[in-house]
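Chain letters run A, B, ... following the sequence lines, proteins first and then strands; every chain starts at 1. Reckoned from all heavy atoms, side chains included, excluding hydrogens, waters and symmetry mates.
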Protein chains: 2
Amino acid sequence: VAHIIIVGNEKGGAGKSTVSMHTATALARMGHKVGALDLDLRQKSFGRYLENRAAFCARNDLELPTPIYRDLPAVEQADLSEGENIFDRRLSLAVASLENECDFLVIDCPGSHTRLSQVAHSLADTLVTPLNDSYIDFDLLARTDPETNKILGPSVYSEMVWNARQLRAQAGLKPIDWIVLRNRLGAQQMHNKKKVGQALDDLSKRIGFRVAPGFSERVIFRELFPRGLTLLDLRDVGVKGQMNISNVAARQELRDLLKELRLPAVDV
Amino acid sequence: VAHIIIVGNEKGGAGKSTVSMHTATALARMGHKVGALDLDLRQKSFGRYLENRAAFCARNDLELPTPIYRDLPAVEQADLSEGENIFDRRLSLAVASLENECDFLVIDCPGSHTRLSQVAHSLADTLVTPLNDSYIDFDLLARTDPETNKILGPSVYSEMVWNARQLRAQAGLKPIDWIVLRNRLGAQQMHNKKKVGQALDDLSKRIGFRVAPGFSERVIFRELFPRGLTLLDLRDVGVKGQMNISNVAARQELRDLLKELRLPAVDV
Ligand SMILES: Nc1ncnc2c1ncn2[C@@H]1O[C@H](COP(=O)(O)OP(=O)(O)OP(=O)(O)O)[C@@H](O)[C@H]1O
Ligand SMILES: Nc1ncnc2c1ncn2[C@@H]1O[C@H](COP(=O)(O)OP(=O)(O)OP(=O)(O)O)[C@@H](O)[C@H]1O
Ligand SMILES: [Mg+2]
Ligand SMILES: [Mg+2]
């Protein structure tokens with residue numbers, strides 16, 4: 001049965017859809033069978049990214065390793081059992097339709113608190129939480145003392161993850177392997193970087209997650225969205241000059257993330 | 001009655017809370033009376049930023065010009081009239097409690113599509129939409145042709161703004177002055193910057209918004225959140241060395257935004 005990777009953070013713009021696309025595509029390019037779901041039903045950035053990929057391949061008569069994307073199936077209210085939530089049913093049908101044929105299932109969550117996102121977190125074998133290197137983003141993980149930088153306690157998003165962990169423990173499921181990924185790291189900003197890094201290390205010990213090496217702010221992570229490509233695909237589509245320093249470094253950052261995820265049967 | 005400034009974009013992480021805080025604080029520092037509301041009831045980044053400011057001032061026995069922040073009042077279901085939406089009532093009570101005593105009301109919206117956000121957009125005299133310089137963000141404003149970069153049509157967020165404009169026109173209210181602000185601009189990335197800039201210019205003519213000069217990616221826009229300060233406050237709190245090049249440029253970017261907003265009785 002597929003290993004389920006949830007990419008979540010209720011803070012908006014942390015990099016969830018970007019990380020989902022790069023992780024799912026990298027695994028597909030390694031030859032694994034990868035399913036993809038997007039729980040942000042209105043914005044659908046991950047779904048749109050994959051639709052753009054399919055359209056690009058069709059236009060250029062090209063085949064690229066591509067995750068299998070599915071919309072959540074529609075369900076009639078009448079088909080639900082007593083008191084069942086319609087989103088729970090839609091999600092479990094979508095997961096069931098992919099988990100037997102795939103090695104991995106990558107599920108992108110919206111940047112807000114929804115029932116779909118809560119349920120998805122309780123399905124996670126691996127949870128990846130991208131985070132902007134900023135106290136505004138950190139504030140959703142934990143409250144800190146502004147003078148001492150000490151952790152005062154968890155906040156809304158970590159509490160949600162805690163609840164998902166409890167649900168899994170009660171159901172006798174494997175614990176969630178939670179990885180926080182620092183995203184859009186700037187080249188300078190040493191002082192802020194050190195302080196946020198320190199706060200993350202403290203928090204990781206208290207609430208139990210690992211901190212992955214991180215992605216820098218690089219235009220290559222964003223500019224290929226209209227064609228549905230990632231930096232890993234550039235060689236296949238004959239794009240010249242893609243081996244500039246930033247792209248080589250971006251490739252290494254992506255490789256480091258995949259290593260840190262410690263996924264079953266994945267040799268990076 | 002207060003001039004209402006809505007800061008909105010249903011794309012997560014565009015910079016809404018950051019722009020709300022900097023705009024509201026800059027106006028308060030100019031001597032205007034400013035009210036503040038945060039419609040992201042769970043995340044409350046703008047509200048938390050202002051709470052941090054009040055706490056910092058109390059700790060240091062300091063007075064800084066500060067927007068008046070209010071939570072949305074609680075309302076009993078029983079007090080609603082037939083078919084009235086509870087969020088509509090909570091928002092109109094909050095606005096009514098501030099609009100007579102303030103010159104400006106700054107309202108931060110969540111990074112998703114909610115009823116509160118929709119209603120708030122129909123109250124806008126000025127709408128400010130921050131945007132990351134990325135096609136993933138642009139995708140929520142309009143669909144573009146990946147080969148020609150031409151605009152194919154509006155997408156979900158622009159349609160929501162269009163609906164809000166219709167509602168105001170039917171009610172005989174002044175049209176919304178809509179300003180899009182490019183945010184977290186990088187120093188390099190010339191090629192991507194030019195393409196997104198071109199697409200924005202095309203779109204601004206089709207759907208009627210102005211493009212403000214923009215904020216660069218600067219750590220000073222984010223590192224003061226725990227103390228509730230902005231770069232404009234640094235002199236008042238005796239922080240040395242705050243006039244480095246990046247902070248001087250950030251101050252100018254904020255001033256350029258305030259000019260572009262063309263607010264009544266504001267001399268920047
Ligand atoms: N490492 C990076 N370098 C450069 N740009 C990035 C990087 N990661 C993400 N971005 C850009 O930052 C913005 C936010 O990223 P993304 O949309 O993936 O976040 P999200 O968490 O999925 O947002 P939402 O909360 O709306 O779902 C996008 O414009 C994206 O292109
Ligand atoms: N110009 C800037 N320079 C540096 N960092 C910035 C800038 N603008 C915003 N940020 C950072 O980017 C992240 C997103 O900004 P912010 O939280 O204000 O966006 P938002 O649109 O309010 O997000 P949400 O959708 O969650 O409400 C935060 O970590 C913030 O500190
Ligand atoms: Mg997303
Ligand atoms: Mg916000």
| query | More than 12 non-hydrogen atoms from neighbouring residues, nucleotides or ligands closer than 6.0 Å to CZ on A:Phe87, yes or no? | reply | no
| said: Taking side chain as everything from C-beta outward and backbone as N, CA, C, O, which of these in B:Glu10 sits under 4.5 Å from a heavy atom of chain A? Side chain, backbone, both or neither. | reply: both
| message | Evaluate B:Arg115 against B:Asp88 for side-chain contact (heavy atoms from CB on, under 4.5 Å), listing each step before the verdict. | response | CA-CA 8 Å; B:Arg115 171 78 184 182; B:Asp88 297 4; 2.5 Å; yes
| request: Take B:Arg182 and B:Glu253, measure what salt bridge (Lys or Arg N to Asp or Glu O under 4.0 Å) needs, and give me the verdict at the end. | output: CA-CA 11 Å; B:Arg182 296 170 78 175; B:Glu253 288 175 357; over 6 Å; no
| query | Do A:Glu51 and A:Lys44 pass the salt bridge (Lys or Arg N to Asp or Glu O under 4.0 Å) test, and can you show the C-alpha distance, the side-chain angles, and the key distance before you say yes or no? | reply | CA-CA 10 Å; A:Glu51 284 165 10; A:Lys44 259 182 68 171; 3.0 Å; yes
| request: Determine which residues belonging to residues 141-152 of chain B lie within contact range of chain A, meaning some heavy atom pair is under 4.5 Å apart, and list them by number or answer 'none'. | output: B:Arg143, B:Pro146, B:Glu147
| said: I need the minimum non-hydrogen distance between B:Leu231 and B:Leu224, along with the two atoms involved. | reply: N-CD1, 3.7 Å
| task | Before giving the answer on side-chain contact (heavy atoms from CB on, under 4.5 Å), spell out for B:Thr129 and B:Leu181 the whole-Å C-alpha distance, their side-chain angles and the decisive distance to 0.1 Å. | result | CA-CA 6 Å; B:Thr129 297; B:Leu181 172 79; over 6 Å; no
| Mind checking what makes side chain to side chain donor-acceptor pair (under 3.5 Å) contact with B:Asp202, not counting sequence neighbours? | B:Gln198
| field | Distance in Å, B:Leu62 CG paired with B:Phe56 CZ, rounded so as to fall on 0.5 Å steps | value | 6.0 Å
| Which of residues 11-18 of chain B have a heavy atom under 4.5 Å from any heavy atom of chain A? | B:Lys11, B:Gly12, B:Gly13, B:Thr18
| query | Given side chains that start at C-beta, do those of B:Asn52 and B:Arg227 come closer than 4.5 Å, heavy atoms only? | reply | no
| request: If the plane angle is over 60° it's perpendicular, under 30° parallel, otherwise tilted; pick one for B:His22 and B:Tyr49. | output: perpendicular
| Full working for side-chain contact (heavy atoms from CB on, under 4.5 Å) between A:Leu229 and A:Leu64 | CA-CA 9 Å; A:Leu229 302 176; A:Leu64 286 174; 3.6 Å; yes
| field | Those residues of residues 131-140 of chain B, ordered by number, that approach chain A below 4.5 Å (heavy atom to heavy atom) | value | B:Asn132, B:Asp133, B:Ser134, B:Tyr135, B:Ile136, B:Asp139, B:Leu140
| Most heavy-atom pairs under 4.5 angstrom with chain B, which of A:His113, A:His191, A:Arg42, A:Arg218? | A:Arg42
| Looking only at side chains, do A:Asp201 and A:Ser204 share a donor and an acceptor under 3.5 Å apart? | no
| task | Check whether any side-chain N or O of B:Ser117 sits under 3.5 Å from a backbone N or O of B:Thr114 as a donor-acceptor pair, and report yes or no. | result | no
| query | Is B:Asp40 reaching over with its side chain to a backbone N or O of B:Pro110, donor-acceptor style, under 3.5 angstrom? | reply | no
